[in-house]
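Down below is the structure, laid out as structure tokens.
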Amino acid sequence: MPNSELSQGRIGWQRRTGRARLAIWFAWLVGVLFIVQCWDIMNAETIWDFVWDAPQQAGDLLGRMWPPRWSVLNRLWGPLWDTINMATLGTLLGIVLGAPVAFLAARTTTPSLLIARPIALLIIVSSRSINALIWALLLVTILGPGVLAGIIAIALRSIGFVGKLLYEALEETDASQIEAITATGATRGQRLIFGFLPQIMPVFAGISVYRWDINIRESTVLGLVGAGGIGLQLNASVSRLAWPEVTVMFAAILVTVIVSEYVSAKVRAHII
Amino acid sequence: MLTIRGLTKTYRGGDRALDSVDLDVPAGQLMALIGPSGAGKSTLIRCVNRLVEPTAGSVEVDGTMVTGSGTGALRLARRRMGMIFQEYALVERLSVMENVLSGRLGYVGFWASWLRRFPQTDVDEAFRLLDRAGLTGMQDKRADQLSGGQRQRVGICRALIQNPALLLVDEPTASLDPKTSRQIMRLLVELCAERSLAAIVNIHDVALARMFVQRIVGLRAGRIVFDGPPEALTDAMLTEIYGEEDWAASAPPADDETA
Amino acid sequence: MNGWAPAPLIANPWARWGFYSGAALYLMLALGSVQVNWARLAEGLKRGGSFVGAFAHPDFVSRAAEISEGFIESLTMTVVATAVGVVLAIPVGIGAARNLAPLPIYGFCRALIALSRTFPEIIIAILLVKMFGFGPLAGMLTLAFATIGFMAKLLAEDLEDIDEAQVEAIRASGASAAQVLVYAVQPQVMARFVGLSIYRLDINFRESAVIGIVGAGGIGATLNTSFDRYEFDTTAAILLLIIGIVMAAEYGSGIIRKRLQ
């Protein structure tokens with residue numbers, strides 16, 4: 001809090017009172033000590049010889065990665081197609097499952113505030129807390145390796161994302177429009193279709209495309225845990241220490257991600 | 001006090017905003033600069049403190065050359081020129097006092113200003129100015145909590161605490177209602193007289209300018225087309241500056257109040 | 001007869017039907033290329049059932065030492081990475097704001113941001129583990145690198161959106177470039193920057209659970225091990241803890257961000 005005080009008979013001015021200033025310095029001190037403490041705990045088992053060795057390792061790695069073995073690209077088209085399919089089908093499935101959850105979670109549309117809403121919110125937060133890669137790890141253990149595990153992993157992670165953004169949009173809808181539709185004697189379902197849907201459609205489409213773009217990036221690495229796509233090839237090459245191939249795969253991932261980001265940005269700009 | 005010679009500004013793309021302007025403003029004179037939008041009023045005062053870099057010509061303030069000086073010298077020169085803005089341009093998330101004291105930034109070092117450790121004399125002066133501008137007790141309010149008139153008063157305090165020799169005032173009343181506009185103009189006139197400051201005031205409202213200043217300069221397409229006392233500003237002259245219009249006709253008095 | 005139907009989304013009928021059939025064709029091809037091993041799936045469903053069942057009786061105890069070590073690593077990693085990343089994001093963000101930085105610096109900072117944002121964290125983690133050895137230090141560096149990209153991009157956008165009049169006013173008083181930053185720029189972007197840092201803390205914790213899979217320390221490694229051993233009760237316990245911490249962190253950061261306005 002700012003403060004003006006009388007000191008030695010003159011009006012002085014300081015941004016904060018003495019006590020507030022002290023409290024702020026103290027908070028900074030505690031914060032810095034806390035971070036240093038975390039650093040110490042974290043590095044309890046760090047082997048510093050390896051760390052000091054890092055620049056040399058980095059140079060070594062770069063040396064091995066160059067020149068890239070471009071011929072490997074011919075093996076990558078199939079996995080890339082799988083990657084894109086995992087992202088696209090996973091997004092679609094996530095939307096199909098996430099949209100009803102959003103309707104259950106939004107205060108404005110939920111059938112019951114006491115039962116349905118908390119359950120829907122729990123589904124959303126659980127899905128959001130857990131990265132697609134962990135979902136994939138789990139599903140590969142259950143379903144076996146393959147694209148299917150990847151699709152479901154992407155879908156499970158997308159439910160929370162789509163659900164959260166969509167239910168927030170539903171809660172921000174214009175109440176007077178809904179009121180007008182209700183006043184015509186519309187049923188619950190008609191209210192959804194004529195009152196809510198027109199208001200949230202652009203947001204919904206935007207969210208979906210945005211999530212698709214994120215999912216492309218995520219699905220490039222799902223193969224690391226066995227769920228198909230280019231990550232599978234990457235994992236194989238890394239474990240064989242075939243670094244010239246890894247370079248090509250990095251390049252392929254980079255291009256895929258950039259293209260999907262570009263497409264998503266274009267589509268979203270068009271929607272809005 | 002202020003001497004401008006051959007000041008020219010050509011923007012990229014070839015727009016000539018100022019065309020070889022010569023102008024002298026002596027100490028203690030409040031000068032109004034009028035002219036249609038796009039005549040170069042704003043460019044002119046920004047060329048004086050080089051917020052806009054002039055293409056050619058010279059500006060001298062209080063015996064110091066402003067044009068052609070390096071970054072450090074420019075900062076020293078800017079300390080002698082207070083500027084007041086149309087939309088107030090206060091730093092909205094800082095308190096009134098911090099905004100006023102920011103006028104002293106050219107005088108204090110970086111670390112002192114970062115820690116808000118301004119010399120006691122600056123703080124005393126800030127309180128004096130706030131009192132003078134009718135903002136007693138407002139020092140700890142955040143700037144975005146103030147009304148338009150109050151903000152402009154803070155803007156005036158910020159300019160004056162620089163202890164300037166020259167005030168550059170850009171449309172001080174354009175965002176204010178008529179009553180507040182007059183109060184702000186009156187405050188400016190009084191302060192300039194008290195401190196014998198030279199001032200250039202860009203202003204749209206010709207009637208308001210006539211009411212308060214001793215000298216009016218008319219600008220059209222980057223050239224000075226009129227320079228004289230308010231009485232000499234005839235309807236013919238206004239037509240010369242602004243273009244054809246029936247200057248004698250005025251709205252009925254009743255409307256004038258609510259305008 | 002006056003028929004009426006709602007106007008279609010795509011006006012040109014050729015483009016509309018072209019789009020629909022293209023989408024249908026893609027869906028068919030994509031679905032067709034998904035190979036499903038039904039025998040394996042049927043077997044998996046049973047295992048899936050036992051996994052879902054595990055959530056009813058999560059086992060926090062048998063692997064308590066490993067779990068707590070994993071979480072301490074994840075949390076300390078998250079804190080240090082966020083602190084380091086946020087501090088480094090400030091100069092990078094200023095450098096990536098077109099209205100503040102000269103062109104060469106702008107180009108460099110934008111390239112750094114793009115690099116940090118396009119690659120998934122786990123790929124960065126693979127490389128850093130190769131360089132720095134296994135353990136949370138590599139993970140911390142991964143998260144810090146990702147934080148720089150995220151925070152610097154958003155900071156740069158905020159900086160490019162600031163009110164120039166306030167900057168002009170401070171500059172006109174004779175302030176130096178550093179003083180302009182502190183008096184005119186910082187007040188305009190500070191509150192949102194602090195809010196985003198707290199948000200990034202959340203994200204970093206979630207990511208810290210992942211990068212352990214490739215050996216970069218944290219709870220991910222513990223989680224991975226529990227999968228490999230088919231100890232679903234322990235897996236369930238870890239996942240529940242992650243969800244709980246994320247919920248608590250989101251609730252807490254929501255309160256802090258509200259207080260910052």
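Here is how names work: the chains are called A, B, and so on, in the same order as the sequence lines, proteins then strands, and each is numbered from 1.
- Counting heavy-atom pairs under 4.5 Å between each of A/Gly228, A/Gly78, A/Ala58 and chain C puts A/Ala58 at the top.
- Both the backbone and the side chain of C/Leu137 have a heavy atom closer than 4.5 Å to some heavy atom of chain A.
- Of the listed residues (C/Met247, C/Glu121, C/Glu43), the one with the most heavy-atom contacts under 4.5 Å to chain A is C/Met247.
- At distances below 3.5 Å, not a single donor-acceptor pair connects side-chain atoms of A/Ser237 with backbone N or O atoms of A/Val246.
- Heavy-atom distances place the backbone of A/Val140, and not its side chain, under 4.5 Å from chain C.
- With chain A as the partner, the residue from C/Tyr230, C/Tyr26, C/Phe51 showing the most heavy-atom pairs under 4.5 Å is C/Tyr26.
- Both the backbone and the side chain of C/Asn224 come within contact range of chain A, judged by heavy atoms closer than 4.5 Å.
- Ion pairing of A/Arg157 with A/Glu218 is absent here, as no side-chain N (NZ or NE/NH1/NH2) approaches a carboxylate O to less than 4.0 Å.
- Residues A/Val209 and A/Asp213 have side chains not in contact (no heavy-atom distance under 4.5 Å, counting atoms from C-beta outward).
- Residue contact with chain C, scored on non-hydrogen atoms closer than 4.5 Å, involves the side chain of A/Leu61 exclusively.
- Within the 4.5 angstrom heavy-atom criterion, only side-chain atoms of C/Phe232, from C-beta onward, approach chain A.
- Residue contact with chain C, scored on non-hydrogen atoms closer than 4.5 Å, involves the backbone and the side chain of A/Phe250 alike.
- Side-chain atoms of A/Leu156 and A/Ile152, non-hydrogen and from C-beta on, do get closer than 4.5 Å to each other.
- Contact detail for A/Ile124 and A/Gly163: the closest heavy-atom pair is CD1-C, 3.8 Å.
- In this structure, the side chains of A/Met42 and A/Trp39 come closer than 4.5 Å at one or more pairs of heavy atoms.
- No other option in A/Ile130, A/Leu92, A/Ile258 has as many heavy-atom pairs under 4.5 Å with chain C as A/Ile130.
- The closest side-chain donor-acceptor pair between A/Ser158 and A/Thr91, if any, does not fall under 3.5 angstrom.
- Contact of C/Leu240 with chain A is not made at all, since no heavy-atom distance falls under 4.5 Å.
- In this structure, chain C has a heavy atom under 4.5 Å from the side chain of A/Trp243, while its backbone stays farther away.
- Ranked by heavy-atom pairs shorter than 4.5 Å toward chain A, the options C/Ile242, C/Thr118, C/Leu75 are led by C/Thr118.
- With hydrogens and angles disregarded, a donor-acceptor distance shorter than 3.5 Å links the side chain of A/Ser219 to the backbone of A/Thr83.
- The closest donor-acceptor contact from the side chain of C/Thr235 to the backbone of C/Glu231 lies under 3.5 Å.
- For the residue pair A/Ser264/A/Arg268, the side-chain donor-acceptor check at 3.5 Å is satisfied.
- A/Ser127 places a side-chain N or O within 3.5 Å of a backbone atom of A/Gly160 that can act as its donor or acceptor partner.
- Ranked by non-hydrogen atom pairs under 4.5 Å with chain C, the options A/Leu138, A/Asn235, A/Leu234, A/Leu122 are led by A/Leu138.
- A/Trp81 touches chain C through its side chain: at least one heavy atom from C-beta onward sits under 4.5 Å away, while N, CA, C and O do not.
- Both the backbone and the side chain of A/Ile84 come within contact range of chain C, each with at least one heavy atom under 4.5 Å from a heavy atom of that chain.
- Per-residue heavy-atom pair counts under 4.5 Å with chain C were compared for A/Val257, A/Ile151, A/Leu137, and the maximum is reached by A/Leu137.
- Highest contact tally toward chain C, considering only A/Thr88, A/Val147, A/Val225, is held by A/Thr88 [criterion: heavy-atom pairs under 4.5 Å].
- Contacts between A/Ile35 and chain C at a heavy-atom distance below 4.5 Å involve backbone atoms as well as side-chain atoms.
- Across C/Arg200, C/Glu207, C/Arg206, a single residue satisfies side-chain hydrogen bond (donor to acceptor under 3.5 Å, both in side chains) together with C/Asn204, and that is C/Arg200.
- Contacts of A/Leu139 with chain C are absent, with no heavy-atom separation under 4.5 Å from either backbone or side chain.
- Side-chain atoms of C/Ser74 never come within 3.5 Å of backbone atoms of C/Phe71 as a donor-acceptor pair (strictly under, hydrogens ignored).
- Contact count versus chain A (heavy atoms, under 4.5 Å) is highest, among C/Leu127, C/Ile72, C/Ile126, C/Val214, for C/Leu127.
- The greatest number of non-hydrogen atom pairs below 4.5 Å with chain C, out of A/Leu89, A/Val238, A/Ile41, is found for A/Leu89.
- Highest contact tally toward chain A, considering only C/Met77, C/Lys130, C/Glu73, is held by C/Lys130 [criterion: heavy-atom pairs under 4.5 Å].
- With chain A as partner, the option from C/Pro136, C/Gly220, C/Gly133 having the largest number of non-hydrogen pairs under 4.5 angstrom is C/Pro136.
- Between the A/Asp82 side chain and the A/Gly229 main chain, no donor and acceptor come within less than 3.5 Å of each other.
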